[in-house]
2 protein chains.
Amino acid sequence: MSSAELADASGVNAAKVRKDLSHFGTYGTPGTGYDVDFLLGQIRRELGTDQDRPVVIVGIGHLGHALARSQGFVSAGFKLAGLFDNDPRTVGEEVGGLIVRHVSELAELCARERVSVGVVTTPAFAAQDVADQLVSGGVGAILNFAPALVVTPDPVLVRHVDFSAELQVLAFYQAHPEAVRTRETVPPQRREIDSVEHAVEEIDSAKAASARPLGL
Amino acid sequence: MSSAELADASGVNAAKVRKDLSHFGTYGTPGTGYDVDFLLGQIRRELGTDQDRPVVIVGIGHLGHALARSQGFVSAGFKLAGLFDNDPRTVGEEVGGLIVRHVSELAELCARERVSVGVVTTPAFAAQDVADQLVSGGVGAILNFAPALVVTPDPVLVRHVDFSAELQVLAFYQAHPEAVRTRETVPPQRREIDSVEHAVEEIDSAKAASARPLGL
DNA sequence: TTTTGTGAAAGGCTTCACAGCC
DNA sequence: GGCTGTGAAGCCTTTCACAAAA
């Protein structure tokens, strides 16, 4: 598959695909393109998602439920190591094949299972407290869905997924159509994408596209 | 409140706060700083979130439930105009004060209520179909949570929130600690933030911070 | 011929640093 | 003295365009 095909399938510029992949190594063949399966393996290795890193979810409300049951973990190279809540009505429930535990066990389990990422889906007021416990359990990264700022000591990474902010971005572009970066009008239509980090998705969707010639 | 305080409260550089705000106008006073309430109003006006834009959610599974019940809409300047699903067991249920309707009514309601943004929380296989119906109902922007690429005709904006991609970014930085952009070590700790578009949040959190001098 | 990998150019974003204002 | 608004510098990302490889 050529860089142009990968680009079309994922919505980016072909030069960007080649440049991004070149940061990892020389995986393509001039005149032929890339071997998609090989590429997938290499990218997963580079991303560190080839070894099923353990993840916990804290806060098993509707959002926690949704994430726990999603297939997002397995396809992304993670495995669910634990679910936690502090509501006695939720603790003990089975979700996605795991029993929900009480948050009092959080730090200990994280340390024991060497949990890599903690996903915070609690209400805002509990987010920082949960993050602190994750950190004390040795978790190296936090994905925060709570609408609250979470701060951590230096080596611990935090990413914040902010639903309201996404809506506001859309509102902004609707209020200022002149600020919209025009999409190229060649088919297939493109979506915006951020950077190197989406490489696996690019490949995944390209692969899916090649498997189904006509739409979904 | 000074740009330095706003910056600390939201995790960005003070010069960036000033530069970003300067794109909208001259709202600060040298020697004094910014009037937070005035600033909030101006930013909301610029973002176009001062007029309660109508939003629909399609796909009332756990994620749709979570979003429908969140306070994210009101605080961000939106209002829920409709909830849709195609499962007869879900249609008719009340969620967040609204009755879930059947997707067959989607396009019509969007047109009638002049819906601004459609939030897609369906399974992947349904996302493109739902997006098409949103577009035919005249919706101008789509926020897609389904793990599927959604394409739209040119003026319709799409934003994709990708849970797996967020996890993979964290995995990448854990696998490559040398690639982590070092945070400044001065207190208070900072989080990463993207750009101008987070201005309302910066202000919101700064305001909240000023209201509670000591933590949460 | 087709397509890669990559220097170089272009473009954009962030930060610095300071004149000017309060 | 403190702080804003902003030109200029620095840095990073994206795109172009082409020599080299198959």
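To find a chain, count down the sequence lines: A is the first, B the second, and so on, and within it residues start at 1. Quick note: numbers below take in every heavy atom, side chains included, and nothing from hydrogens, waters or symmetry partners.
Taking the six-membered ring wherever Trp is involved, the centroid distance between the rings of A/F73 and B/F163 falls below 6.0 Å.
An OP1 or OP2 oxygen of C/dT3 is reached within less than 4.0 angstrom by no side-chain nitrogen or oxygen of A/Y27.
Within the structure, side chain to side chain donor-acceptor pair (under 3.5 Å) contacts touching residues 114-124 of chain A (residues at least two apart or in different chains) are A/R53-A/S116, A/S116-B/Q174.
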List every contact pair, protein side and nucleotides 16-18 of chain C side both N or O, where the distance is under 3.5 Å.
unit_1, atom_1, unit_2, atom_2, d
C/dC16, OP2, B/N13, ND2, 3.3
C/dA17, N6, B/R18, NH2, 3.1

Kindly give the atom pairs (protein nitrogen or oxygen, nucleotide nitrogen or oxygen) under 3.5 Å for nucleotides 19-22 of chain D.
unit_1, atom_1, unit_2, atom_2, d
D/dA22, O4', A/P30, O, 3.3

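In this structure, A/L21 atom CG and D/dT14 atom C1' are separated by 15 Å, rounded to whole Å. Atom CZ in B/F24 sits about 13 Å away from atom P in D/dG5, given to the nearest Å. To the nearest angstrom, C1' of D/dG5 lies 13 Å from CG of B/D20. A/K16 has its NZ atom 21 Å from the P atom of C/dA8, to the nearest Å. Spacing between atom NE2 of B/H23 and atom C1' of D/dT6 amounts to 10 Å, rounded to whole angstrom units. Atom-to-atom, CG of B/D35 to P of C/dC22 comes out at 17 Å; the value is rounded to the nearest Å.
When side chains are defined from C-beta on, A/F84 counts as touching A/L109, because their heavy atoms get closer than 4.5 Å. Between B/L39 and B/L6, the closest side-chain pair of non-hydrogen atoms falls below 4.5 Å. Inter-residue side-chain proximity for B/D132 and B/Q128 is flagged as met; some heavy-atom pair is nearer than 4.5 Å. Residues A/L134 and A/V120 meet the side-chain proximity criterion, which asks for heavy atoms closer than 4.5 Å. For the pair A/D8 and A/E5, the minimum side-chain heavy-atom distance is 4.5 Å or more. You'll find the side chain of B/L63 reaches within 4.5 Å of the side chain of A/L63, heavy atoms only.
In this structure, the helix from C/dT1-D/dA22 to C/dC22-D/dG1 shows an angle of 10° between the axis at its start and the axis at its end, each fitted on 5 base pairs and rounded to 10°.
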Hey, can you pull the donor-acceptor pairs under 3.5 Å for the side chains in residues 24-32 of chain B, sequence neighbours left out?
unit_1, atom_1, unit_2, atom_2, d
B/Y27, OH, B/F24, O, 3.4
B/Y27, OH, B/Q42, OE1, 3.1

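The environment of A/Q51 atom CD is dense: over 12 non-hydrogen atoms of other residues, nucleotides or ligands sit within 6.0 angstrom.
Nearest nucleotide to the A/Y34 side chain, out of C/dG5, D/dG5, D/dT4: C/dG5.
The side chain to side chain donor-acceptor pair (under 3.5 Å) test applied to A/S164 returns no partner, not counting sequence neighbours.
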